[in-house]
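Reviewing the structure listed below.
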Amino acid sequence: MTLANTNDNFVSKNEIRAQFSLAMSAMYREEVPAYGELMELVADINVSVLERDESLRSQLSQSNGLDRITEERHGAIRVGTEKELFTLRRLFAVMGMEPVSYYDLAIAGIPVHSTAFRPVAEGDLNINPFRVFTSLLRLELIEDADLRAAAQEVLDNREIFTTAALNLIERAEKQGGLSNEDATQFVTEALETFRWHSKANIDQELYGKLHDEHRLIADIVSFHGPHINHLTPRTLDIDGVQVAMPERGINPKAVIEGPPQRDCPILLRQTSFKALEEKVLFKGENGNWDEGSHTARFGEIEQRGIALTPKGRALYDTLLDDTRARVRSGEGAYEDLLVESFKAFPDSYTELRAEGLAFFRYSLSDKGEEIARSVGISGSLDGLLEAGLLRMDPIIYEDFLPVSAAGIFQSNLGPNLGETGADVVYSNPSQQSFEQALGAKVWDELALYADLERASLNACLARLSEKALKDDVAVAA
Ligand code: OOG
Ligand code: NI
């Protein structure tokens, strides 16, 4: 593998991430053939959407998204200790991935809290958007003290990173980057952390106890490392893929998480296929292995829409809560009630902008370019939009949704929990303790979107008024 250099010495972080996501994808397709099948289905459907939807094709090419379609995917892992999380942050930093946002899953009865490691700058996301949703087990939420101690001991005695990976992380930190050769080795070594191990770290009895406490705890504690539990390609028609999955022998979860289908997609819609039951070996007596099984790994798809402002997000949360409350009180089917509730969410970009519900990237229209070159002008955002001098494109939501994530977790934890969710509700989200373990603060995703919008607008305004100012012409409002 040859990696392009950004300067004489180091490979760019974007390039390392691109190689890493490719390597993860290849490994996972080999480990979980159903994922490969899903990828093919998604690619077929994306091609047909682009063939029939000229305006989407033009929007994607305008906003630089066309190249990203087949590449865009995320993965998810779950780690057991603060130390593991701390080192993972350093490992992801080598690839230009930083922790963005804090997700408390305890509210949904899942004893973890999470962040997503991802590129932060728009240019970096465009080059390769790969993200890893990363959850840290909260053993302190487990009541049984003996079991807690047993799990802790197993976790404390494992090393999820290869020695070479640890050395390369340190080298990257010291030098500020990696050489070509080191970067190639780094990708190979980093991959090892996320590999599946069919031999468990513990015996079947302890597995059973952990599993009875919570399936997720068994998944996190029982193995040598935080195996990648799913990867997620991007689809342009999630409803189409959901319907087509069974035709290809793939078993989807019951409902698509997130907002309903809309003309102007918002946030994130996701669905997955059910986790597979896989053969594993547990430690037996006298160095023997006992056969058993474990259910953890699956495939997911995602469709992203415009990022919402705090006001838009509050409206989304309210409408989703309403829907769930109405389902609980037996008013009807989830999907119907979701569509009904979301009628209250404006569904045109003009309204979304006018009501301050979503984030946009502004650029000069052809007419705006012409004006900027010839005379220059200034004015309010509304005025410039109305005059057709600016164009606005949705800023795509690059993060996750806790309620949706909980739905994805639950549909993949095995048959008993099913799709209806929690059997226990934990409390005390603790962003502070999470950040302490991480050794860094997480980025505030809303601030990132707001900055992007502001920067795009400021750049337009500067370009528009440049000539007028230079020519010392009074700029008209
Ligand atoms: C993570 C589930 C969350 C998503 O897309 O919301 C997630 C997990 O199952 O470990 O990946
Ligand atoms: Ni996911």
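Numbers for residues simply follow the sequence, beginning at 1. One-based numbering, in listed order, for ligands and for the atoms of each.
For the Ni ion (ligand 2), protein N, O or S atoms closer than 2.8 Å were enumerated as His74 NE2, His230 NE2, Glu300 OE1, with waters left out.
In this structure, Arg131 is not positioned above the aromatic face of Phe20 in the sense of NZ or CZ being under 6.0 Å from the six-membered ring centre and within 45° of the axis. Geometrically, Arg361 does not engage Phe359 in a cation-pi contact defined by less than 6.0 Å to the ring centre and at most 45° from the axis.
Taking the six-membered ring for Trp and thresholds of 30 and 60 degrees, Tyr207 and Phe282 have ring planes inclined between 30 and 60 degrees apart. Relative orientation of the Phe345 and Phe342 rings is parallel, given thresholds of 30° and 60° on the angle between their planes.
Enclosure of atom CH2 in Trp443 is not indicated, since only 12 or fewer non-hydrogen atoms of other residues, nucleotides or ligands lie within 6.0 angstrom. In this structure, Glu31 places its CD atom where more than 12 heavy-atom neighbours from other residues, nucleotides or ligands lie under 6.0 Å away. Taking a 6.0 Å sphere around CD of Glu205, one finds it holds 12 or fewer heavy atoms contributed by other residues, nucleotides or ligands.
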List below, pair by pair, the N or O atoms of ligand 1 and of the protein that are less than 3.5 Å apart, including the distance to 0.1 Å; reply 'none' if no pair qualifies.
unit_1	atom_1	unit_2	atom_2	d
ligand 1	5 (O)	His74	NE2	3.0
ligand 1	5 (O)	Gln270	NE2	2.5
ligand 1	5 (O)	Glu300	OE1	3.3
ligand 1	5 (O)	Glu300	OE2	3.0
ligand 1	6 (O)	Gln270	NE2	3.0
ligand 1	9 (O)	Arg78	NH2	2.7
ligand 1	10 (O)	Arg78	NE	2.8
ligand 1	10 (O)	Arg78	NH2	3.3
ligand 1	10 (O)	Asn229	ND2	3.0
ligand 1	11 (O)	His230	NE2	2.9

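Ion pairing between Arg269 and Asp239 holds under the 4.0 Å rule for side-chain N and carboxylate O. With respect to Asp347 and Arg262, a salt bridge is recorded, a charged nitrogen being found less than 4.0 Å from a carboxylate O.
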